[in-house]
Amino acid sequence: MTIHALLLGDGAARLWGLSSRERLTRQLERVGVRAFVDGGDREPRADSVVLIRADHVYDDRVIAALVKTPGMLLRAGPESAALVAANVATDRLPQAEAVLTGRSSADLLGVRQETPASLVPMYQKHLLKAEPPLVRRILADDVRALENRLFTGAYKGVTDLVTKWLWPVPARWATRLCARAGLHPNHVTALAAVLALLAGVLFARGDYAWGLVLGWLMTFLDTVDGKLARVTIRTSRFGDILDHGTDLLHPPLWYLAWGAGLAGSQVGLPAGWLTLGVIIVGYVVGRLVEGAFQLWLAQFPIFCWRRVDSWFRLVTARRNPNLLLLTAGSVVARPDLGLVAVAVWTAVSSVILLVRLAMAVRTRATTGPLRSWLEDPPDARAPLSLATRLFAAPLARDEGRGTVTS
């Protein structure tokens with residue numbers, strides 16, 4: 001099916017350095033729509049046309065669903081009469097344009113109306129959270145709030161305690177500076193990769209203090225690059241490979257380098273190379289458990305299965321929690337104990353993950369397909385649980401939770 005797009009009007013302000021039309025163009029191109037109807041062409045050679053009012057900002061999920069759902073008009077919200085977008089057959093283009101621009105109030109027969117909440121689910125698998133889709137009018141005096149909303153929407157819900165509580169505010173500042181400077185996310189990712197390498201070199205030399213400074217800066221930039229990519233709609237295959245490749249490889253190399261630094265010092269490597277062996281084996285086991293769960297048991301990560309798994313993700317033996325242990329050891333001038341703590345916690349985490357995987361296998365065999373707790377809507381009659389407030393967005397619990405007003 002050939003789909004063209006028509007953007008109507010423009011926003012009152014730029015968000016994260018992008019005009020509304022630039023943002024919508026990038027969003028549409030990312031879901032395969034690259035042909036646009038110009039001002040004088042009202043008979044495009046396409047099967048359908050997506051019309052979007054550019055005076056609103058839209059969640060990526062809304063744009064993707066809009067493109068995939070022919071024969072529909074989109075209202076800004078369940079309590080709003082404002083029609084903001086449509087996907088119609090080419091011969092309905094003039095009528096749909098008149099309706100969206102307010103020149104006509106006639107109904108489009110055979111075209112159903114949807115809201116963002118009815119169009120897309122709240123659960124976002126790639127960001128490990130449940131959050132209402134966004135459709136909101138762009139107002140000049142609302143820029144900072146809209147930018148903050150877009151940034152929050154780009155943040156993962158289920159993640160480690162450092163990323164969740166320490167990085168959000170400084171990461172938003174850094175992302176804003178990068179956007180204003182016109183930096184590409186790949187620039188930030190490349191710098192993070194260089195810092196990861198330099199930190200490893202310093203660890204191997206036993207220079208733990210400066211290595212930790214560079215290591216923590218690297219983890220911070222690892223948060224910034226993803227947020228910058230999402231709020232500016234700038235992603236690339238190369239950047240994705242570089243980011244995920246660096247994330248996968250550098251933690252075990254850091255632990256090996258830390259051990260090499262101890263082996264060459266007066267302190268020595270505790271328990272010989274057994275400590276490092278436990279860390280590396282535990283790291284591999286953890287990654288294999290996560291992969292096996294998602295490959296064979298469910299379409300979501302193991303940390304999104306039950307609430308307890310999401311809580312465990314805050315402290316599980318991954319890079320940032322382990323870096324906290326190494327930092328604590330360095331602060332008390334016992335980098336050897338920091339490495340031992342990482343080994344012990346990695347072993348404990350691996351056992352917990354293996355137990356959770358076994359429980360998931362049993363549940364799948366006895367009760368059928370697994371379901372993430374984040375997919376379950378909160379009970380409208382009960383207070384929001386701490387887990388819901390922490391790992392999902394603060395939500396209203398009726399249908400209106402799916403949008404904000406036009």
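In what follows, every heavy atom counts, from backbone to side chain, and hydrogens, waters and symmetry copies are set aside.
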**OP:** For side chain to side chain contact (heavy atoms under 4.5 Å, CB included), just list the numbers for T159 and N320, CA-CA rounded to whole Å, side-chain angles, deciding distance to a tenth of an Å, and then say yes or no.
**Re:** CA-CA 10 Å; T159 186; N320 287 355; over 6 Å; no

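- For K156, the NZ atom is loosely surrounded, since the number of other residues' heavy atoms within 6.0 Å does not exceed 12.
- At least one donor-acceptor pair under 3.5 Å links the side chain of S20 to the backbone N or O of A54.
- Judged purely by atom type and a 3.5 angstrom limit, T316 has no side-chain atom pairing as donor or acceptor with the backbone of F312.
- The side-chain contact (heavy atoms from CB on, under 4.5 Å) test applied to L295 returns no partner, not counting sequence neighbours.
- K68 places no side-chain N or O within donor-acceptor distance of the main-chain N or O of A64, the cut-off being under 3.5 Å.
- Shortest non-hydrogen contact noted between C178 and L228 is CB-CD2, 3.8 Å.
- Counting heavy atoms from C-beta on, the side chains of V111 and Q95 never come closer than 4.5 Å.
- Checked against side-chain hydrogen bond (donor to acceptor under 3.5 Å, both in side chains), Y208 has no partners two or more places apart in sequence or in another chain.
- L353 and V289 make their closest contact through O-CG1, 3.6 Å (heavy atoms, listed as atom of the first residue, atom of the second, distance).
- Atom CZ of R180 sits in a sparse spot, with 12 or fewer heavy atoms from other residues, nucleotides or ligands closer than 6.0 Å.
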**OP:** Would you sort out whether W216 and T327 count as a side chain to side chain donor-acceptor pair (under 3.5 Å), showing the intermediate values?
**Re:** CA-CA 10 Å; W216 280 115; T327 301; 3.0 Å; yes

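- The aromatic rings of H56 and Y58 are tilted relative to each other, their planes meeting at an angle between 30° and 60°.
- Distance alone, capped at 3.5 Å, is enough to place a donor-acceptor pair between the N87 side chain and the L66 backbone.
- For the side-chain hydrogen bond (donor to acceptor under 3.5 Å, both in side chains) test, residues two or more places apart in sequence or in another chain that qualify with S385 are T388.
- Applying the side chain to side chain donor-acceptor pair (under 3.5 Å) test to residues at least two apart or on different chains, the pairs with a partner in residues 228-240 are N186-S236, D240-H244.
- For residues 331-356, every residue pair satisfying the salt bridge (charged side-chain N to carboxylate O under 4.0 Å, His left out) rule, not counting sequence neighbours, is listed here: D309-R356, R334-D336.
- Counting only distance, with no hydrogens or angles, the side chain of S19 and the backbone of R14 share no donor-acceptor pair below 3.5 Å.
- For the pair R364 (side chain) and L297 (backbone), a donor-acceptor distance under 3.5 Å is present.
- Qualifying side-chain contact (heavy atoms from CB on, under 4.5 Å) partners for L249, counting only residues two or more places apart in sequence or in other chains: none.
- Within 6.0 Å of atom CZ in R205, 12 or fewer heavy atoms from other residues, nucleotides or ligands are found, so the atom counts as exposed in its surroundings.
- Residues forming a salt bridge (charged side-chain N to carboxylate O under 4.0 Å, His left out) with D142 (at least two apart in sequence, or on another chain): R136.
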Original post:
When you look at V62 and L134, which way does the side chain to side chain contact (heavy atoms under 4.5 Å, CB included) test go after all the steps?
Top reply: CA-CA 8 Å; V62 174; L134 171 70; over 6 Å; no

Original post:
Going through the distances and angles, do T101 and R103 end up as a side chain to side chain donor-acceptor pair (under 3.5 Å)?
Top reply: CA-CA 6 Å; T101 56; R103 299 198 310 267; 3.2 Å; yes

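- Residues satisfying the side-chain hydrogen bond (donor to acceptor under 3.5 Å, both in side chains) test with T189, not counting sequence neighbours, are D225.
- Between V37 and L6, the shortest heavy-atom contact is O-CD1, 3.6 Å.
- The backbone N or O of D10 lies less than 3.5 Å from no partner atom in the side chain of R21, so there is not a single donor-acceptor pair.
- Side-chain atoms of S350 come within 3.5 Å of backbone atoms of T346 as a donor-acceptor pair (strictly under, hydrogens ignored).
- In this structure, K227 is not positioned above the aromatic face of F151 in the sense of NZ or CZ being under 6.0 Å from the six-membered ring centre and within 45° of the axis.
- Summarising the geometry of T175 relative to V231, their closest heavy-atom pair is CG2-CG2, 3.9 Å, with the distance given to 0.1 Å.
- A pairwise comparison of heavy atoms in P335 and W258 identifies O-NE1, 3.0 Å as the closest pair.
- With hydrogens and angles disregarded, a donor-acceptor distance shorter than 3.5 Å links the side chain of R61 to the backbone of M122.
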**OP:** Determine, step by step, whether T363 and L370 satisfy the side chain to side chain contact (heavy atoms under 4.5 Å, CB included) criterion, reporting the C-alpha distance in whole Å, the side-chain angles of both residues, the deciding distance to 0.1 Å, and the verdict.
**Re:** CA-CA 7 Å; T363 301; L370 305 181; 3.7 Å; yes

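- The heavy-atom pair separating A343 from V278 by the smallest distance is O-CG1, 3.5 Å.
- Counting only residues at least two apart or in different chains, salt bridge (charged side-chain N to carboxylate O under 4.0 Å, His left out) contacts with residues 318-329 comprise D222-R319, D247-R319, E290-R318.
- Between P301 and L128 there is a side-chain heavy-atom pair separated by less than 4.5 Å.
- For E147, the side-chain contact (heavy atoms from CB on, under 4.5 Å) criterion is met by L15, W16, V143, R144, R176, not counting sequence neighbours.
- No donor-acceptor distance shorter than 3.5 angstrom exists from the side chain of R371 to the backbone of A298, with no hydrogens or angles considered.
- Remark: R34 engages no residue in a side-chain hydrogen bond (donor to acceptor under 3.5 Å, both in side chains) (not counting sequence neighbours).
- The side-chain contact (heavy atoms from CB on, under 4.5 Å) check on S372 picks up Y123, F300, C304, L374, E375, with sequence neighbours excluded.
- Of the candidates L262, L256, V342, V281, L276 forms a side-chain contact (heavy atoms from CB on, under 4.5 Å) with just one, namely L256.
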Original post:
Step by step, would you call D59 with V135 a side chain to side chain contact (heavy atoms under 4.5 Å, CB included)?
Top reply: CA-CA 6 Å; D59 194 305; V135 173; over 6 Å; no

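- Of the residues listed (T90, V33, L28), the one engaging I3 in a side-chain contact (heavy atoms from CB on, under 4.5 Å) is V33, and it is the only one.
- Ring orientation note: the planes of F220 and W167 are nearly perpendicular, at an angle over 60° on the 30°/60° scale.
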